[in-house]
Amino acid sequence: MTPADRRARERAETQHQILDAARRLFVAEGYEAVTMRRIADACDYTPAALYNHFPEKAALLRTMCRLDFLALAERFTKVAAIADPLARLAATGMEYVRFGVEHRNHYLLMFLAPPPLAPADTDCEGQGDPHRDGYAFLRHVCAEAIAAGALRHDMQDAELVAQTMWAGVHGVVALALTMADDDWVPWRTVEQRAEAMIATLLRGIAAPGRQP
C-alpha cells in the first residue's frame, strides 16, 4: 500500500467515524439541535479537524444520506439474479426489512424523520438507476412481474405496486424500531412478521396460479 493509499484509507475511516457519531446524535437529539462542535466532541476530534472533512453540517448530512441510500440499494444486488419476478419481489422485501433492523439509526433518519434539508441537485444523482436507487430497483422488479403476466389485471401500475409493497415492509420495520420494547404486545419475530406481510401482499396482487 502506498502512502497515498494509506492516507486515503485513514481519511475514509475518519469520515466513517464522524458520520456514525453524527447519525447517533441526530437520532437522539434532532438535526437542528446538534452542532458541529457537538459532533466533534462526540468523535473526540477538534472542530477544525471536523471541518477539514465536512465544511458544514448540511454537507455532512448530505454525505450521510447519499451513502446510506446507496448502501440500501446495494443490498438488493443479493437478489437481483433471482429469475422469477415474484420470488425476487419477496426477496427484495426481506432484504429491505433486514437492512432496517440491522441499521436502526440509518433507517430512522432515512424514513422515520422529516427531511431537515431541501433536496439539492446533487441529491438526485443516480435517481432511476436500479443499481444505485433502491426504489428504482423495486419498481423495475414490479414492472418485470407485470410484463411476465404475474400480477392481477388491475395491478398493472408498477409505481402503485412498488409503493404498496414498500408501505407494507416499511410498516414492519417501523414497528420493530419504535415498539420493540413494548411488552404490551406479544411480538412475533421480525422475520415472521416480515414473511407474513410479504406473503399477504403477494397473494393480494398475484395473478391466479402465480404465487412465488
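Counting non-hydrogen atoms of other residues, nucleotides and ligands closer than 6.0 Å to CZ of R188 gives a total of 12 or fewer. Atom CZ of R152 has more than 12 neighbouring heavy atoms from other residues, nucleotides or ligands inside a 6.0 Å radius. Counting heavy atoms of neighbouring residues, nucleotides and ligands inside a 6.0 Å radius, atom CG of D154 exceeds 12 of them.
Rounded to the nearest 0.5 Å, atoms CG (L151) and CG (L202) are 8.5 Å apart. Atom CG of L86 and atom CZ of R203 lie 13.0 Å apart (nearest 0.5 Å).
Proximity of the aromatic rings of F99 and H103 is defined here by a centroid distance below 6.0 angstrom, and this criterion is met. Between Y135 and H140, the ring centre distance reaches or exceeds 6.0 Å.
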Inset, instruction - Could you walk me through whether Y51 and Y45 pass the side-chain hydrogen bond (donor to acceptor under 3.5 Å, both in side chains) test, one step at a time? - result: CA-CA 10 Å; Y51 281 111; Y45 295 134; over 6 Å; no
Inset, instruction - Step by step, work out the ring-ring contact (aromatic ring centres under 6.0 Å, His included) result for F111 and F69. - result: CA-CA 10 Å; F111 299 115; F69 279 104; 5.5 Å; yes
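Using a 4.0 Å cut-off between a side-chain N of Lys or Arg and a carboxylate O of Asp or Glu, R132 and E74 do not qualify as a salt bridge. Classification of R23 and D68 as a salt-bridged pair holds, one side-chain N sitting under 4.0 Å from a carboxylate O.
In this structure, the side chain of R104 does not engage the main chain of E102 through any donor-acceptor pair within 3.5 Å. At least one donor-acceptor pair closer than 3.5 Å links the side chain of K57 to the backbone N or O of V34. Without hydrogens or angle criteria, W187 side chain to D181 main chain gives no donor-acceptor distance under 3.5 Å.
Side-chain contact check for T63 versus Q15: every heavy-atom pair is 4.5 Å or farther apart.
Applying the side chain to side chain donor-acceptor pair (under 3.5 Å) criterion to H131, with sequence neighbours excluded, gives no partner residue.
When hydrophobic clusters are built by joining Ile, Leu, Val, Met, Phe, Trp and Tyr residues whose side-chain heavy atoms come closer than 4.5 Å, directly or via intermediates, L67 is grouped together with V27.
Using modelled atom types and a 3.5 Å distance limit, the side chains of Q192 and T189 yield a donor-acceptor pair.
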